[in-house]
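Inspection log for the structure reproduced underneath, given as structure tokens.
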Amino acid sequence: MPVEDQPAPAVDPAHRPADGDPLLRARLDGLREQGLLRSLRTIDGPVGPRVRVDGRELLHLCGNDYLGLAGHPAVREGAAAAALAHGGGAGSSRLVAGTLTIHRELEERLAELKGTGAAILFGAGFLANLGVVGALAEKDGVVLSDALNHASIVDGVRLSGAERVVYRHGDPEHVDRELRARPGRPALVVTDGVFSMDGDVAPLAELVAVCRRHGARLVVDEAHATGCLGPRGAGSVAAAGLEGEVDAVVGTLGKALGSSGAYVAAHPDVVEWLVNRARPLIFSTAPAPATSGAALAALDVLAAEPGRTARLRARAALARDTLRGAGVDLAVPGIDPAAVDPGSPIVPVVVGGAEETMAATAELLEAGILLQGIRPPTVAPGTCRLRLTVQADHDEDELRAACLRVAAAVRGRVAR
Ligand SMILES: Cc1ncc(COP(=O)(O)O)c(C=O)c1O
């Protein structure tokens with residue numbers, strides 16, 4: 001039973017908040033009993049292929065800093081220089097007085113990378129998705145969202161007030177059927193480009209065709225595609241040759257670009273609409289200059305060293321080959337193996353049960369490998385997994401050895 005549905009303990013009128021929260025404590029205990037309690041792990045120092053946790057150096061196999069840019073000297077310097085030149089914070093929301101030259105500069109660079117006429121920054125990818133879905137959905141319209149879309153899209157759709165249709169994962173025919181059933185209704189289709197927990201790529205060409213046929217808008221979230229796929233690391237839309245065919249592309253700065261924050265890249269009409277209607281943009285302080293400085297430096301590194309993306313993709317293929325060679329089944333329930341990009345840095349190893357997954361994580365931690373188990377509600381019950389992620393800077397021999405260690409850790413624990 002979900003802990004939220006468990007009966008609440010009786011309320012003691014003498015109880016003070018300073019004494020704790022018995023209801024939440026009981027629920028937290030319930031989560032622990034179900035093997036679903038989550039807690040924060042503290043990393044000491046910059047992230048990279050290796051990280052320090054509790055005084056131990058670990059091989060990092062679960063971050064999203066795919067290109068190794070978060071700790072890159074140029075990116076750190078970019079952040080520091082931006083803070084020195086522009087201050088610690090923007091001091092205001094973008095529309096009031098918080099738009100700084102460095103935001104503009106970064107937006108131009110992102111629009112150029114994505115091949116759109118404009119781009120607009122958001123404080124986080126979560127906020128960008130809330131903003132773009134809320135602003136582009138029509139109140140009397142429908143939003144169609146892939147069943148495995150990120151939580152921020154799910155919440156954006158809920159908040160939008162439009163009719164919500166969750167279509168079968170990666171199934172443009174389902175989208176087509178749902179749109180045909182609603183002729184003349186304004187429609188928005190939203191999909192991850194690369195799915196965050198599964199690593200497969202959305203059928204973008206088919207989705208573009210369906211949307212075009214029905215006059216629907218299409219938004220693609222490239223959080224895990226930018227830097228990892230496509231020419232110049234431009235993402236999944238560019239990889240599919242679909243630049244200019246998608247109404248809005250969402251990207252994050254906190255993953256392959258080694259910074260923090262996010263953006264929407266689109267035609268200037270769309271961006272101007274977002275400036276006027278996207279609530280997480282309008283009612284939130286503009287991004288700190290250091291995050292923009294870091295992202296600008298990361299874009300410079302990406303442009304100067306295109307080999308990083310190629311190296312990342314080669315490491316991802318190496319991880320897949322090694323795991324398979326050690327007998328690990330990389331199939332993910334509900335995912336078409338043909339949609340999995342072998343160069344995608346997200347390599348899920350499905351274990352099944354929460355306890356077994358966390359036992360594998362603990363065993364790997366003992367062996368010097370940080371590979372966090374992923375449990376519901378992030379993934380469906382029964383599909384708990386080790387979401388292994390590869391970085392361009394992983395040493396090949398170390399990565400190979402770590403994958404063999406992962407294979408050993410899941411052996412005997414995978415649900416049949
Ligand atoms: C597909 C996807 N979209 C959006 C986000 C949110 O981005 P951010 O971390 O910048 O809030 C994430 C992950 O965090 C993600 O995986």
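First listed ligand is number 1; within each ligand, the first listed atom is number 1. What you see below is based on every heavy atom in this structure, not just the backbone, and it leaves out hydrogens, waters and symmetry mates.
Nearest heavy-atom pair across Trp273 and Ala135 is NE1-O, 2.8 Å.
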**Message:** Glu112 vs Arg109, test: salt bridge (charged side-chain N to carboxylate O under 4.0 Å, His left out). Steps then yes/no.
**Reply:** CA-CA 5 Å; Glu112 193 269 324; Arg109 292 283 300 280; 5.1 Å; no
**Residues Glu107, His103; criterion side chain to side chain donor-acceptor pair (under 3.5 Å); working and verdict** = CA-CA 6 Å; Glu107 285 166 350; His103 297 140; over 6 Å; no
**Asked** Passes side chain to side chain contact (heavy atoms under 4.5 Å, CB included), Glu366 versus Glu363? Steps please.
**Response** CA-CA 5 Å; Glu366 277 296 301; Glu363 184 180 316; 5.7 Å; no
Would you be so kind as to tabulate the donor-acceptor pairs closer than 3.5 Å made by side chains of residues 77-85, with sequence neighbours excluded?
none

If you look at each N/O of ligand 1, which protein N/O atoms lie under 3.5 Å away, and at what distance?
unit_1   : atom_1 : unit_2 : atom_2 : d
ligand 1 : 3 (N)  : Asp221 : OD2    : 2.5
ligand 1 : 10 (O) : Gly125 : N      : 2.7
ligand 1 : 11 (O) : Gly125 : N      : 3.1
ligand 1 : 11 (O) : Phe126 : N      : 2.9
ligand 1 : 14 (O) : Lys255 : NZ     : 2.7
ligand 1 : 16 (O) : His224 : NE2    : 2.6

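Between Arg25 and Asp21 there is no salt bridge, since none of the side-chain N atoms of the basic residue sits less than 4.0 Å from a carboxylate O of the acidic one.
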